[in-house]
Asks: 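Got a structure here, written out as structure tokens. Questions coming.
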Amino acid sequence: MAVITAPAEQDTTSRSHPATSPSERHVRILAATFMGLAHLTVLRQRLKGALFALVEAIFLASIPTIAGNVAGLITLGTPQPDLPTKDRDHSTFLMIDGVVTLAVVAVFAAVYYISVRSALTEHRLGGAERPRTIRDQLSALTTRAFPILGLSPMLVLILFFVVVPLVFSTLVAFTNYSSPEHVPPANTVDWVGLDNFATMFGGSALWTGALTRVFVWTTVWAVLAVSTTFCGGMLLAIVLHESNIRIKPVFRAIFILPYAVPAVVTMLIWRNMLNGAFGAVNKTLIGLGIVDQPIPWLSDPWLAKFVVVAIGLWAGFPYFMLLTMGAMTAIPRDLLEAAALDGATKSQRFRHVILPLVLYQTAPLIIMSLAMNFNNFGAIFFLTAGGPTVADTTATGAGATDILITWIYNLTVGLMHYNYGSVIAVMIFLVLAPFAIFNFRRTKAFKGEL
Amino acid sequence: MDILKARPWMGNLIVLVGLSLAAVVVIWPILYTLGAAFAPGNSIGGLSAVPFADGFTVAHFLHLASGTGYPRWFLNSFLIASGTTIGTLVLASLAAYVFSRFTFAFKRSLMTALLVLQIFPSFVGMIAVYVVLLRINGLDTLWGLVLVYLAGNMPYTIWLVKSYLDTIPKGLDEAARLDGASHLRIFATIVMPIARPILIFLAITTFAAPWMDFIFPKLVLRSPEQQTLALGLVSFVSDKNNDFTTFAAGAIVVAIPFIVFFLLTQKSLISSMAGGAVKE
């Protein structure tokens, strides 16, 4: 349990102090009126105050831009059919600029909050402990600023490349951003409220049918992928662990191979080997006289589903095999010896000591693996590309083995139905949310606190 | 069970047969690809089902080296993967150090946000990533791609390194601070060396993902000289081309370093995975 008991920089809010002295209220009002004002005036922290004031000045100066961008996010531009295409309002850009602007405003609000807190902290410290000269202030600032310097690169990255995209794709679900009539720059995109959700969830038999089919298959795939790879991997690990065959290391080395080969390569090899007419699998089966007609591995909808799970097992079992092996080596030896002394047989030791411990250790990873496979793009895309086609594939872009994430790919890259793609993205968020909460609670449980 | 007890070798035989069958299924596609890489001809239709039955040629490897963009793709993938690895290590360990050793405003909310963001695959927001890169002139550039990977790596790796740093006693860096060392100095000379095991583990895992990623390069990189290995390999066996033997040769070149590496490190791989299972 790594509980943070002695933080290097003491959090000053936890110190006892007179809560409402009049001068504290004075500081609070000054600090809240204009960023850095309290630092500049009563606290005599000119350097820090100037920096805070500069931030606020820049923010105030850019209010027209901010207002423009937010307005753009609200209107998403107006149709201008008479202008040349490149001069028309570009709804997607307006939207992304609006989302980025909101993110910047949120950062500014956080800095504002920090500046007020900083002013109150300085005030509580009292005059004696505050650095007087500019030089002392500078050195105090660089020390205090270390957390900010350390965190800001990753915060900026996450804000622009993770948070903004997630917000953006959620917002698109509420627009009509789709081919052929609403694709910038030729046309603008409009907010349509919950129309897309209505279409996908019951409004259109075509789309609702496709969504239900793909969602059910995605869930079935995730569950089968995890359960087969876990059982297969654990079985091999245990057999290798318990048996006394002399060439065990050879088998272990062979069984690690699928884990070492990149997934793209694995799936493309299998796709070619399972090719109906030319594939090595059919050639072998025919050559051995097991079948006399080529088996349509990837062109029959049900067979393709089976193949996807089977190849998923091929590619995925080494992960759980290694995990089980690791968990078994981590079992304290004296525990097993104690069990043996108490007269437990080999199978009893396995059932009552090894298995529960292995399960206990790997259970969180099984659950996370479920979330991972729910979005396992590579396992589907490179093997079957979502195919074979079924009745509604031409209209909806969803093939027989498409899962939600590959369907999004088809919808956006192929059909340019960004609106429906985003509805599915929102659906994925909702499905993954319990996993996120699980991840959170698990860490909390293990760590005691954040 | 009685038979097995009376004749222990029967049990071993059954296990041996079972393991051998599994091993054949595992190794068949790999041998087949190896055979295809050295087989004459191009299309999969001409290949025999038995590996190495068609003869032996290194023509495909020569073709890869001179007749395709393979060397260029290799270089690009290497630059992207190593850029991502170095960037991730530096930024994530710096942030993890701050999270592990400092108290500041919004710390709890930031940590929670990182934990939640781990779950959402960043390519769900593909369109937005595309537009953001377009806005900063990062499309069709390797650094643009590296930025995307860096951002995607941050939430998980920061948590991983932070959990590790939490287990390192704080007495060490506090002693150094009393001696007047700056935060950056403590970070670089005391904390990082201690965290080396986790950083090595992280370096390997962060290198492998962008090395063979397909979806983001497909989105971001356009021009022929900016292609990566995964894009190139897929292009050999896409719907338009059917050049399986060249693909096989290229795949072998990509996979062999991984296979050698995994076989050499399997012991520590197993224990590090066990560690991951317990610690996280």
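Order of the sequence lines sets the chain letters (A, B, ...), proteins ahead of strands, with each chain counted from 1.
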Asks: Measure across B/Val98 and A/Gly150 and return the closest heavy-atom pair with its distance rounded to 0.1 Å.
Replies: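 Looking at all heavy atoms of both residues, the shortest contact is CG2-CA, 4.1 Å.
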
Asks: Shorter than 4.5 Å, heavy atoms on both sides: which option in A/Ile96, A/Asn272, A/Leu157, A/Asn375 has the most such pairs with chain B?
Replies: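 Max contact count across the listed options: A/Asn272.
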
Asks: For chain A, find which of B/Val116, B/Val132, B/Leu114 contributes the most heavy-atom pairs closer than 4.5 angstrom.
Replies: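 Looking at each of B/Val116, B/Val132, B/Leu114 in turn, B/Val132 comes out on top.
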
Asks: Could you give me the CA-CA distance, side-chain angles and deciding distance for B/Lys218 and A/Tyr409, then say whether side-chain contact (heavy atoms from CB on, under 4.5 Å) is met?
Replies: CA-CA 11 Å; B/Lys218 178 90 181 158; A/Tyr409 184 87; 3.8 Å; yes

Asks: If you count heavy-atom pairs within less than 4.5 Å of chain B, which of A/Ser118, A/Ala253, A/Pro165, A/Ser152 leads?
Replies: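 Maximum pair count with chain B is reached by A/Pro165.
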
Asks: Where does A/Phe93 contact chain B at under 4.5 Å (heavy atoms): side chain, backbone, both or neither?
Replies: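 It is both, since atoms from each part get that close.
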
Asks: Tell me, side chain or backbone of A/Val281 under 4.5 Å from chain B's heavy atoms, or both, or neither?
Replies: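 Its backbone and side chain both get close to chain B.
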
Asks: Does any backbone or side-chain atom of A/Thr412 lie under 4.5 Å from a heavy atom of chain B? Answer side chain, backbone, both or neither.
Replies: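 Only the side chain of A/Thr412 comes within 4.5 Å of chain B.
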
Asks: Apply ring-ring contact (aromatic ring centres under 6.0 Å, His included) to A/Phe251 and list each qualifying residue two or more places apart in sequence or on a separate chain.
Replies: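 Checked A/Phe251 against ring-ring contact (aromatic ring centres under 6.0 Å, His included); zero matches.
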
Asks: Among B/Leu110, B/Leu233, B/Val25, B/Val254, who wins on heavy-atom pairs under 4.5 Å with chain A?
Replies: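 Looking at each option in turn, the highest pair count goes to B/Val25.
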
Asks: For residues B/Phe102 and A/Pro147, report the shortest heavy-atom separation together with the two atoms involved.
Replies: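 Minimum heavy-atom separation between B/Phe102 and A/Pro147: CD2-CG, 3.5 Å.
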
Asks: For B/Ile256, is it the side chain, the backbone, both, or neither that has a heavy atom closer than 4.5 Å to a heavy atom of chain A?
Replies: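 Nothing of B/Ile256, per the 4.5 Å heavy-atom cut-off to chain A.
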
Asks: Which bit of A/Ile256 comes within less than 4.5 Å of chain B, counting heavy atoms only: side chain, backbone, both or neither?
Replies: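 Interface part for A/Ile256: side chain.
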
Asks: Counting C-beta onward and ignoring hydrogens, is there a side-chain heavy-atom pair between B/Phe104 and A/Ile148 closer than 4.5 Å?
Replies: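 The answer is no, as the side chains (C-beta and beyond) never meet within the 4.5 Å cut-off.
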
Asks: Which heavy-atom pair separates A/Phe168 from B/Ala128 by the least distance, and what is that distance?
Replies: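 Reported closest heavy-atom pair: CD2-CB, 3.3 Å.
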
Asks: Please classify the contact between A/Leu155 and chain B as side chain, backbone, both or neither, with a heavy-atom cut-off of under 4.5 Å.
Replies: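 For A/Leu155, the side chain is the part near chain B, not the backbone.
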
Asks: Under 4.5 Å from any heavy atom of chain A, what part of B/Leu184 do you find: side chain, backbone, both or neither?
Replies: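 B/Leu184 touches chain A through backbone and side-chain heavy atoms alike.
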
Asks: Measure the shortest side-chain to side-chain distance between B/Leu150 and A/Phe161 over non-hydrogen atoms and say whether it is less than 4.5 angstrom.
Replies: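 No, side chains not in contact.
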
Asks: Count the heavy-atom pairs under 4.5 Å between each of B/Ala95, B/Ala255, B/Gly18 and chain A, then report the option with the highest count.
Replies: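 Among B/Ala95, B/Ala255, B/Gly18, the one with the most close pairs to chain A is B/Ala95.
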
Asks: Would you say that A/Trp314 contacts B/Pro29 through its side chain, given a criterion of any heavy-atom pair below 4.5 Å between the two side chains?
Replies: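 The answer is yes, as the side chains (C-beta and beyond) meet within the 4.5 Å cut-off.
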
Asks: At what distance, to the nearest 0.5 angstrom, does CG of A/Leu432 lie from CD of B/Gln118?
Replies: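 Between A/Leu432 CG and B/Gln118 CD, I get 12.5 Å after rounding to 0.5 Å.
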
Asks: Can you name the one residue among B/Ile30, B/Leu263, B/Ile27 that meets side-chain contact (heavy atoms from CB on, under 4.5 Å) with A/Ile254?
Replies: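 Only one of B/Ile30, B/Leu263, B/Ile27 forms a side-chain contact (heavy atoms from CB on, under 4.5 Å) with A/Ile254, namely B/Ile27.
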
Asks: So what's closer than 4.5 Å to chain A heavy atoms on B/Tyr130: side chain, backbone, both or neither?
Replies: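 B/Tyr130 has no heavy atom closer than 4.5 Å to chain A.
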
Asks: Could you tell me which portion of B/Thr33 (side chain, backbone, both or neither) has an atom closer than 4.5 angstrom to a non-hydrogen atom of chain A?
Replies: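 The answer is the side chain of B/Thr33.
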
Asks: ring-ring contact (aromatic ring centres under 6.0 Å, His included) with A/Phe374: which residues, sequence neighbours excluded?
Replies: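 Result, ring-ring contact (aromatic ring centres under 6.0 Å, His included) vs A/Phe374: none returned.
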
Asks: Hey, which of B/Leu147, B/Leu133, B/Leu219, B/Val148 has the most heavy atom pairs under 4.5 Å with chain A?
Replies: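 Most pairs with chain A among the choices: B/Leu147.
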
Asks: About how many Å separate CD1 of A/Ile158 and CD1 of B/Ile158, when rounded to the nearest 0.5 Å?
Replies: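 Rounded to the nearest 0.5 Å, the CD1-CD1 separation comes out at 5.0 Å.
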
Asks: Counting heavy-atom pairs closer than 4.5 Å to chain B, which one of A/Val265, A/Leu151, A/Val99 comes out on top?
Replies: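 Top option by heavy-atom pairs under 4.5 Å: A/Leu151.
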
Asks: In the structure I gave you, are the side-chain heavy atoms of B/Phe106 and A/Ile114 within less than 4.5 Å of one another anywhere?
Replies: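 Yes, close enough: below the 4.5 Å cut-off.
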
Asks: Between A/Ala260 and B/Phe262, which heavy-atom pair has the shortest distance, and what is it?
Replies: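 Closest approach of A/Ala260 to B/Phe262: CB-CD1, 3.5 Å.
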
Asks: Tell me, with the steps shown, if A/Phe146 and B/Phe187 meet ring-ring contact (aromatic ring centres under 6.0 Å, His included).
Replies: CA-CA 11 Å; A/Phe146 186 79; B/Phe187 168 73; 7.0 Å; no

Asks: Can you find a pair of side-chain heavy atoms, one from B/Leu19 and one from A/Ile247, that are under 4.5 Å apart?
Replies: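 No. Closest side-chain heavy atoms not under 4.5 Å.
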
Asks: Within a strict 4.5 Å, meaning less than it, do heavy atoms of the A/Phe381 and B/Ile215 side chains meet?
Replies: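 Counting from C-beta outward, A/Phe381 and B/Ile215 never come under 4.5 Å.
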
Asks: Go through it in stages, so that I can follow the logic: the residues are B/Phe214 and A/Phe377, the test is ring-ring contact (aromatic ring centres under 6.0 Å, His included), and I'd like the CA-CA distance, side-chain angles, deciding distance and then a yes or no.
Replies: CA-CA 10 Å; B/Phe214 174 82; A/Phe377 181 85; 7.1 Å; no

Asks: Say you draw a straight line from CD1 of A/Ile408 to CE of B/Met126; how long is it, rounded to the nearest 0.5 Å?
Replies: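 If I round to the nearest 0.5 Å, the distance is 7.0 Å.
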
Asks: Checking side-chain contact (heavy atoms from CB on, under 4.5 Å) for the pair A/Met154/B/Leu94: CA distance, chi angles, key distance, verdict?
Replies: CA-CA 9 Å; A/Met154 75 94 182; B/Leu94 201 57; over 6 Å; no

Asks: Out of A/Val162, A/Val413, A/Leu268, which one racks up the most heavy-atom pairs below 4.5 Å with chain B?
Replies: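 Among A/Val162, A/Val413, A/Leu268, the one with the most close pairs to chain B is A/Leu268.
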
Asks: Within the 4.5 Å heavy-atom criterion, are A/Val164 and B/Val129 side-chain neighbours or not?
Replies: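 A/Val164 does not reach B/Val129 side chain to side chain.
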
Asks: By a 4.5 Å heavy-atom criterion (distance strictly below it), what part of A/Leu240 contacts chain B: side chain, backbone, both, or neither?
Replies: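 The answer is the side chain of A/Leu240.
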
Asks: Non-hydrogen atoms of chain B under 4.5 Å away: do they reach the side chain of A/Ala363, the backbone, both or neither?
Replies: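 For A/Ala363, there is no contact with chain B at all, as no heavy atom is under 4.5 Å.
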
Asks: Out of A/Lys283, A/Met321, A/Met372, which one racks up the most heavy-atom pairs below 4.5 Å with chain B?
Replies: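 Heavy-atom pairs under 4.5 Å are most numerous for A/Lys283.
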
Asks: Looking at A/Asn282, A/Ile245, A/Val261, A/Val264, which makes the most heavy-atom pairs under 4.5 Å with chain B?
Replies: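 Top count of heavy-atom pairs under 4.5 Å with chain B: A/Ile245.
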
Asks: Contact part of B/Val260 toward chain A, heavy-atom cut-off under 4.5 Å: side chain, backbone, both or neither?
Replies: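 Interface part for B/Val260: neither.
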
Asks: Heavy-atom cut-off 4.5 Å, strictly under: side chain, backbone, both or neither for B/Phe261 against chain A?
Replies: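 Neither part, no heavy atoms under 4.5 Å.
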
Asks: Would you say that A/Leu166 contacts B/Leu117 through its side chain, given a criterion of any heavy-atom pair below 4.5 Å between the two side chains?
Replies: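 Side chain of A/Leu166 against side chain of B/Leu117, heavy atoms only: contact under 4.5 Å found.
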
Asks: Please classify the contact between B/Ala92 and chain A as side chain, backbone, both or neither, with a heavy-atom cut-off of under 4.5 Å.
Replies: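 B/Ala92 has no heavy atom closer than 4.5 Å to chain A.
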
